[in-house]
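Right, one structure below, let's go through it.
All heavy atoms count here, side chains included; hydrogens, waters and symmetry mates do not. Every chain is numbered from 1, with letters handed out A, B, ... down the list of sequences.
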Protein chains: 2
Amino acid sequence: MNTIGFAPHDHGNCVADTLRKAEQHCADNGLRLTPVRRRSLEILLADHRALGAYDLLAVLATEGLGAQPPVAYRALDFLVKAGFAHKIEALNAYIACAHLGECQMPAFLICRACNSVAETDTTLGRGRLNDAASDAGFRIERTVVEAEGLCPSCQKDTA
Amino acid sequence: MNTIGFAPHDHGNCVADTLRKAEQHCADNGLRLTPVRRRSLEILLADHRALGAYDLLAVLATEGLGAQPPVAYRALDFLVKAGFAHKIEALNAYIACAHLGECQMPAFLICRACNSVAETDTTLGRGRLNDAASDAGFRIERTVVEAEGLCPSCQKDTA
DNA sequence: TGGCTATTGATATGTTATAACATTAACTGT
DNA sequence: ACAGTTAATGTTATAACATATCAATAGCCA
Ligand SMILES: [Zn+2]
Ligand SMILES: [Zn+2]
Ligand SMILES: [Zn+2]
Ligand SMILES: [Zn+2]
């Protein structure tokens with residue numbers, strides 16, 4: 001299942017690996033990983049939490065990479081369209097993809113206490129949801145699957 | 001599956017039925033379906049589309065039921081908590097529950113062309129997400145399952 | 001080089017949501 | 001009926017999230 005976010009892992013490697021894959025994907029597809037875009041991806045990758053556009057902007061601003069909302073939203077738009085990041089609809093926030101290169105249908109586990117987000121790659125809903133969609137004659141283009149709750153560590157804290 | 005929203009149905013009955021169930025639920029649970037709340041539910045029920053909080057507010061305002069944002073947000077909060085309405089996270093909008101009384105884990109089919117929304121259910125299909133959550137030690141409290149695409153009628157229009 | 005397109009800079013505005021506090025209505029027990 | 005309590009509403013202000021628009025610049029390709 002490869003759920004990333006709550007389990008400890010070699011994060012330095014995780015970051016370097018994702019950046020490398022992103023660079024490769026841009027090279028292969030004629031996309032430009034400009035300074036703002038690259039730095040935005042790095043900031044999102046820094047830890048496995050969702051960041052609001054204005055949170056990202058605040059960091060970019062301290063680094064002289066832009067101070068107006070469109071800077072952040074353009075970078076996020078690029079990252080999302082390229083598949084390097086996902087929007088968490090339930091939070092109006094953004095997170096780096098944890099499975100770059102093999103991300104088909106992401107689903108997210110969102111801790112309401114510490115705001116950490118784990119990305120898993122499941123086809124939930126796809127079976128059941130596809131059936132429902134077929135019955136209704138609906139053509140699915142994108143799905144949003146998000147679960148809110150408590151991560152292992154926050155369950156302990158509130159126990 | 002009882003997917004409601006795209007298929008024609010006796011909507012007058014659908015509305016009356018839902019209002020009756022809501023009244024009963026309030027009576028049974030000591031909740032108060034005040035004028036603003038009741039009218040908000042009626043407005044959401046008017047058709048199977050998601051309405052923004054400010055859209056709802058605009059209607060309420062023309063009827064003298066309140067003109068400030070908190071009026072709409074309080075009513076929506078009540079309706080959502082009571083299970084009479086759902087928030088569509090992908091749209092930041094709200095819709096009346098189409099399965100009042102038997103709604104466990106709703107999922108939505110959202111047409112990006114006409115904005116109609118069908119409500120279906122994923123109760124039987126949450127195996128994979130539950131598995132992923134278990135593996136990660138995550139305790140799910142709420143799920144968001146939304147599919148964006150084209151409804152039958154809009155597929156024809158763009159064909 | 002010149003023309004084209006993608007990207008960035010900058011200002012303004014639109015949209016969604018909540019904080020905070022005063023007021024009024026409804027319920028509870030006496 | 002009365003005070004004490006809680007739930008709901010009125011009102012103002014502001015926070016948080018997102019986009020429209022247009023000018024300036026950088027990369028790219030005849
Ligand atoms: Zn990592
Ligand atoms: Zn992903
Ligand atoms: Zn947590
Ligand atoms: Zn429902």
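Atom CG of L57(A) is separated from atom P of dA10(C) by 13 Å (rounded to the nearest Å). When the P atom of dT9(D) is taken as reference, atom CG of L60(B) falls 11 Å away, rounded to whole Å. When rounded to the nearest whole Å, the span between CD of E89(A) and C1' of dA18(D) equals 13 Å. L31(B) places its CG atom 15 Å from the C1' atom of dA26(C), with the value rounded to the nearest Å. The distance from atom CG of L33(A) to atom C1' of dA6(C) is 15 Å, rounded to the nearest whole Å. When rounded to the nearest whole Å, the span between CG of L91(B) and P of dC17(D) equals 18 Å. When rounded to the nearest whole Å, the span between CZ of F78(A) and C1' of dT8(C) equals 14 Å. Whole-Å rounding puts the L76(B) CG to dT9(D) P distance at 13 Å.
I110(B) contributes atom CD1, which lies 9.0 Å from atom CG of N115(B) (distance to the nearest 0.5 angstrom).
Look at Y73(A) and you'll find a side-chain N or O under 4.0 angstrom from OP1 or OP2 of dA18(D). The shortest distance between the side-chain N/O atoms of K87(A) and the OP1/OP2 oxygens of dC17(D) is not below 4.0 Å.
DNA chain C is contacted by both Y54(B) and R32(B); Y54(B) maps to the nucleotide lying nearer its 5′ end (nearest heavy atom per residue).
Looking at V71(A) and L65(A), their side chains never come closer than 4.5 Å, going by heavy atoms from C-beta outward. For the pair H11(B) and L45(B), the minimum side-chain heavy-atom distance is 4.5 Å or more.
Applying the side-chain hydrogen bond (donor to acceptor under 3.5 Å, both in side chains) test to pairs two or more places apart or on separate chains, those with a residue in residues 52-69 of chain B are R39(B)-E63(B).
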Atom pairs, protein N/O to nucleotides 10-12 of chain D N/O, distance under 3.5 Å:
unit_1: dG10(D); atom_1: N7; unit_2: R74(B); atom_2: NH1; d: 2.9
unit_1: dG10(D); atom_1: O6; unit_2: R74(B); atom_2: NH2; d: 2.6
unit_1: dT11(D); atom_1: O4; unit_2: R74(B); atom_2: NH2; d: 3.4

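Salt bridge present: R142(A) and E89(A) bring a charged side-chain N and a carboxylate O closer than 4.0 Å. Looking at R74(B) and D77(B), no side-chain N of the basic residue comes within less than 4.0 Å of a carboxylate O on the acidic one, giving no salt bridge.
A continuous path of ILVMFWY side-chain contacts below 4.5 Å connects L60(B) to F84(B), so both sit in one hydrophobic cluster. Residues V80(A) and V36(A) share a hydrophobic cluster, clusters being chains of Ile/Leu/Val/Met/Phe/Trp/Tyr side chains in contact below 4.5 Å.
Of all heavy-atom pairs between L79(A) and S40(A), the closest is CD1-CB, 3.9 Å.
Note on Y94(A): only backbone sugar-phosphate atoms sit closer than 4.0 angstrom, heavy atoms only; bases stay farther off.
Axis angle across the helix from dT1(C)-dA30(D) to dT30(C)-dA1(D), with five pairs used at each end and values rounded to 10°: 30°.
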